[in-house]
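So the structure is just underneath, and the comments pick up after that.
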Amino acid sequence: MEKTTCLEVLKQGPYAWNSFLLDEGLQSACLSEVNLGGADLRRVNLAQADLHLANLNGADLSLANLRGADLSLADLRGANLNGADLSLANLEGADLRGVKCTGVQLLGADLRRVNFHDTDLRRANFANANLCGADLSGTRLIRANLLGADLYGADLTGVEMLEGSPAALRAAA
């Protein structure tokens, strides 16, 4: 399927896209370097999609399925990822500053060098995620699951864990 066709359907909204996926039987889409800034992509199925270097600045991806997607070096500043599934996704080097990520699933995700500065990560699930070198400064990790997460070299300056245990964060590091 051509990238332009996929992009045209995706811009029509999540219902058109999800219907397109069912009709076409696509397992993944190649949307690298696409500009979807500010797009309404709530509940969209982009599992296994190639969104490398994509501009998703300010996009609404709440409850989206991005499981196994490649979002490396993507610009997600100010996006809404509340309740999204990014398990096993590659977000290496992505910019997630100021993103809404409450309840996001990031199980086993590659989050190396991701910029999460000043991001709301309440109830985020980072189980077995790779957060090496990530910037978590100023984030809210209240009730976040960091079990098995690799935080080597991560910036944890000013992390808020009011209801969480600082000991659990140290154990994960």
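Counted by atom type alone, Asn145 and Asn125 present one or more donor-acceptor pairs between their side chains at under 3.5 Å.
Note that the CG atom of Leu156 and the CE atom of Met161 stand 9.0 Å from one another [nearest 0.5 Å]. Ile142 contributes atom CD1, which lies 4.0 Å from atom CD of Glu160 (distance to the nearest 0.5 angstrom). Rounding to the nearest 0.5 Å gives a distance of 4.5 Å between CG of Asp110 and CG of Asn90. Going from atom CG of Asp50 over to atom OG of Ser32 covers 4.5 Å, rounded to the nearest 0.5 Å. Phe116 CZ to Leu111 CG: the interatomic distance, rounded to the nearest 0.5 Å, is 4.5 Å. Summarising the geometry, atom CG belonging to Leu36 is positioned 10.5 Å from atom CG belonging to Leu76; distances are rounded to the nearest 0.5 Å.
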**Request:** Using the side-chain contact (heavy atoms from CB on, under 4.5 Å) rule, take Lys100 and Asn80 through it: C-alpha gap first, then chi angles, then the decisive distance, then the call.
**Result:** CA-CA 5 Å; Lys100 297 173 189 169; Asn80 182 351; 4.0 Å; yes
**Request:** Verify side-chain contact (heavy atoms from CB on, under 4.5 Å) between Leu51 and Val34, making sure each step is shown before the conclusion.
**Result:** CA-CA 7 Å; Leu51 292 157; Val34 70; 4.1 Å; yes
**Item:** Derivation of the side-chain contact (heavy atoms from CB on, under 4.5 Å) call for Val114 and Leu136
**Value:** CA-CA 8 Å; Val114 169; Leu136 291 160; over 6 Å; no
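Residues Cys101 and Ala124 share a closest heavy-atom pair of O-CB, 4.3 Å. Residues Ala69 and Leu46 approach most closely at CB-O, 3.8 Å, considering heavy atoms. The two residues Ala149 and Phe126 make their nearest non-hydrogen contact at CB-O, 3.6 Å.
Between the His52 side chain and the Ser72 main chain, a donor and an acceptor come within less than 3.5 Å of each other. A donor-acceptor pair is defined here as one N or O able to donate and one able to accept, closer than 3.5 Å; such a pair exists between the side chain of Thr119 and the backbone of Leu96. A distance-only check finds a donor-acceptor pair linking the side chain of Asp75 to the backbone of Arg77 [under 3.5 Å].
Hydrophobic clustering (side-chain heavy atoms under 4.5 Å, transitive across Ile, Leu, Val, Met, Phe, Trp, Tyr) keeps Leu141 apart from Leu107.
For Arg43, the side chain to side chain contact (heavy atoms under 4.5 Å, CB included) partners are Leu63, not counting sequence neighbours. A search for side-chain hydrogen bond (donor to acceptor under 3.5 Å, both in side chains) contacts involving Asp155 returns Thr157, not counting sequence neighbours. Partners of Arg42 under the side chain to side chain contact (heavy atoms under 4.5 Å, CB included) rule, at least two apart in sequence or in another chain, are Asp40, Asp60, Ser62. Scored by the side-chain hydrogen bond (donor to acceptor under 3.5 Å, both in side chains) test, Arg122 finds Asp120 as partners (sequence neighbours excluded). Under the side chain to side chain contact (heavy atoms under 4.5 Å, CB included) criterion, Asn115 pairs with Asp95, Arg97, His117, Asp135, sequence neighbours left out. For the side-chain hydrogen bond (donor to acceptor under 3.5 Å, both in side chains) test, residues two or more places apart in sequence or in another chain that qualify with Asn35 are Asn55.
You'll find the side chain of Leu91 stays beyond 4.5 Å of the side chain of Leu73, heavy atoms only. At a threshold of 4.5 Å between non-hydrogen side-chain atoms, the residues Asp118 and Thr139 do not count as touching.
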